[in-house]
A.B. asks: 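Quick one: structure below, then a few questions.
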Number of protein chains: 2
Amino acid sequence: MRLSTKGRYAVTAMLDLALNGKNGPVTLAEISENQGISLSYLEQLFAALRNKELVRGVRGPGGGYYLGKSADEISIANIICAVDEWVEFTRCGGRQNCSGGARCLTHTLWDDLSSEIFNFLANISLGDLVRRNLNKSEESEEEQPPLSVVGESDSSSQAA
Amino acid sequence: MRLSTKGRYAVTAMLDLALNGKNGPVTLAEISENQGISLSYLEQLFAALRNKELVRGVRGPGGGYYLGKSADEISIANIICAVDEWVEFTRCGGRQNCSGGARCLTHTLWDDLSSEIFNFLANISLGDLVRRNLNKSEESEEEQPPLSVVGESDSSSQAA
DNA sequence: CTAATTCCCAAGTGATTTACTAGGTAATGC
DNA sequence: GCATTACCTAGTAAATCACTTGGGAATTAG
């Protein structure tokens with residue numbers, strides 16, 4: 001998993017699309033304006049998103065972009081992977097002996113954590129985020145817990 | 001949050017330290033060997049980790065690094081933030097009107113998601129990962145669910 | 001005391017990535 | 001046919017990555 005600013009641009013743009021695309025397509029010019037991202041950079045990001053069929057472009061006047069599927073079918077992980085493409089990290093390529101035999105244990109741990117993070121992001125959809133925001137708008141100033149809490153771990157006090 | 005390869009190096013190195021540091025300090029040379037990371041790059045990473053008091057160095061022969069606190073008190077978010085430092089993403093600086101008034105809504109959504117991801121990583125400690133691995137070694141080939149599942153979301157079928 | 005070992009520190013470097021500009025072409029609507 | 005939009009390619013300054021070089025400074029073994 002890789003969560004760079006590029007992925008953030010993509011997620012932010014997709015959120016904009018999900019929010020403003022209810023009636024008719026949204027132009028990249030609008031997203032550029034709204035989110036302060038350069039038009040041409042958006043074009044590059046959307047080329048990648050288009051390849052993964054996360055968005056669908058319509059040319060000509062009145063054109064723009066639609067979501068490629070329903071907001072509930074698009075996960076944050078989908079978006080990030082589309083633009084930031086997954087790089088395999090551990091060098092031991094899964095099968096190699098990895099300097100000293102059973103020392104590859106650390107890599108196993110990392111791989112576990114890595115897919116953990118991926119699953120987390122794969123379980124949050126654009127639809128989730130949008131719905132959550134609508135709820136917040138209605139309930140206005142009421143305190144609300146984060147959309148889905150990890151539970152378990154009570155290892156206190158580590159917010160930087 | 002920012003999860004680059006740099007953060008991965010740091011997490012991997014810290015895992016190595018947590019696993020091999022039970023009796024005596026671990027040298028960067030060992031970690032370098034084990035994990036295939038250049039010694040000097042490790043030094044840079046550990047300089048950052050030292051600043052955040054996540055590790056403690058001991059000089060001279062027989063020296064090396066200890067964890068700065070117990071493995072349970074060190075979260076993955078701690079490690080990543082130490083080396084990869086948090087960059088604020090949204091341009092509207094929290095208070096600005098953000099081109100067109102209520103359009104900053106997308107940014108609110110992003111901020112929510114962002115702190116969501118952070119909390120997730122803040123709730124996984126080095127200790128958690130190590131314990132999980134020990135369990136796995138004992139129970140050997142038994143199937144085990146990922147360390148902590150998100151629950152809730154049933155928005156099926158989105159693993160790439 | 002000396003020498004080896006380790007952490008510590010600073011500067012520099014080629015490769016890659018980031019976010020962007022410039023300059024197009026292709027389809028579509030009025 | 002003209003404006004509008006998506007689509008495509010190339011180039012670029014700045015930043016980041018992962019690493020090298022070349023030194024220290026503290027500690028221990030002998």
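All chains are named by letter (A, B, ...) in the order of the sequence lines, taking the proteins before the strands, and each is independently numbered beginning at 1.
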A.B. asks: Report yes if the side chains of Val83(A) and Gln44(A) come closer than 4.5 Å at any heavy-atom pair, otherwise no.
C.D. replies: no

A.B. asks: Just to confirm, is there a sub-4.0 Å distance from OP1 or OP2 of dT18(C) to any side-chain nitrogen or oxygen of Arg8(A)?
C.D. replies: no

A.B. asks: If I take atom CD in residue Glu43(A) and atom P in nucleotide dA19(C), what distance separates them, rounded to the nearest angstrom?
C.D. replies: 16 Å

A.B. asks: Rounded to the nearest angstrom, tell me the gap between atom CG in Leu28(B) and atom P in dC19(D).
C.D. replies: 14 Å

A.B. asks: In whole angstrom, what separates Lys6(A)'s NZ from dT16(C)'s C1'?
C.D. replies: 11 Å

A.B. asks: Determine the interplanar angle of the Phe120(B) and Phe120(A) rings, folded into 0 to 90°, and report it as parallel if under 30°, tilted if 30 to 60°, perpendicular if over 60°.
C.D. replies: parallel

A.B. asks: Considering just the side-chain nitrogens and oxygens of Arg59(B), establish if one lies under 4.0 Å of OP1 or OP2 belonging to dC8(C).
C.D. replies: no

A.B. asks: Pick the nucleotide of DNA chain C nearest each of Ser38(A) and Val58(A); which residue has the one closer to the 5' end?
C.D. replies: Ser38(A)

A.B. asks: Nearest to the side chain of Thr27(A), which nucleotide is it out of dA18(D), dA6(D), dT5(C)?
C.D. replies: dA6(D)

A.B. asks: The side chain of Thr5(A) lies closest to which of these nucleotides: dT18(C), dC20(C), dG29(C)?
C.D. replies: dT18(C)

A.B. asks: Might you work through the side-chain contact (heavy atoms from CB on, under 4.5 Å) test for Lys69(B) and Leu54(B), ending with a clear yes or no?
C.D. replies: CA-CA 6 Å; Lys69(B) 31 189 138 178; Leu54(B) 297 179; 4.0 Å; yes

A.B. asks: How many whole angstroms separate atom OH of Tyr41(B) from atom C1' of dT20(D)?
C.D. replies: 14 Å

A.B. asks: Rounded to whole Å, how long is the line connecting atom CG of Leu42(B) with atom P of dT20(D)?
C.D. replies: 11 Å

A.B. asks: Students often mix this up, so state it plainly: with edges at 30° and 60°, are the rings of Tyr41(B) and Tyr9(B) parallel, tilted or perpendicular?
C.D. replies: perpendicular

A.B. asks: Just checking Ser40(A): base, sugar-phosphate only, or nothing, at a heavy-atom cut-off of under 4.0 Å?
C.D. replies: base

A.B. asks: In this structure, how many angstroms lie between the P atom of dC7(C) and the CG atom of Leu45(B), rounded?
C.D. replies: 14 Å

A.B. asks: Among the candidates dT18(C), dC19(D), dC9(C), find the nucleotide nearest to the side-chain atoms of Gln44(B).
C.D. replies: dC19(D)

A.B. asks: Between dA19(C), dC9(C), dA3(D), which nucleotide gets closest to the side-chain atoms of Tyr9(A)?
C.D. replies: dA19(C)

A.B. asks: Give the rounded distance in Å between these two atoms: CG of Leu3(B) and P of dC17(D).
C.D. replies: 12 Å

A.B. asks: Return whichever of Val83(B) or Leu39(B) has its heavy-atom-nearest nucleotide of DNA chain D closer to the 5' end.
C.D. replies: Val83(B)

A.B. asks: Hydrogens and angles aside, do Ser114(B) and Asp111(B) bring a side-chain donor and acceptor to less than 3.5 Å of each other?
C.D. replies: no

A.B. asks: Output the rounded distance in Å from CZ (Arg56(B)) to P (dA26(D)).
C.D. replies: 18 Å

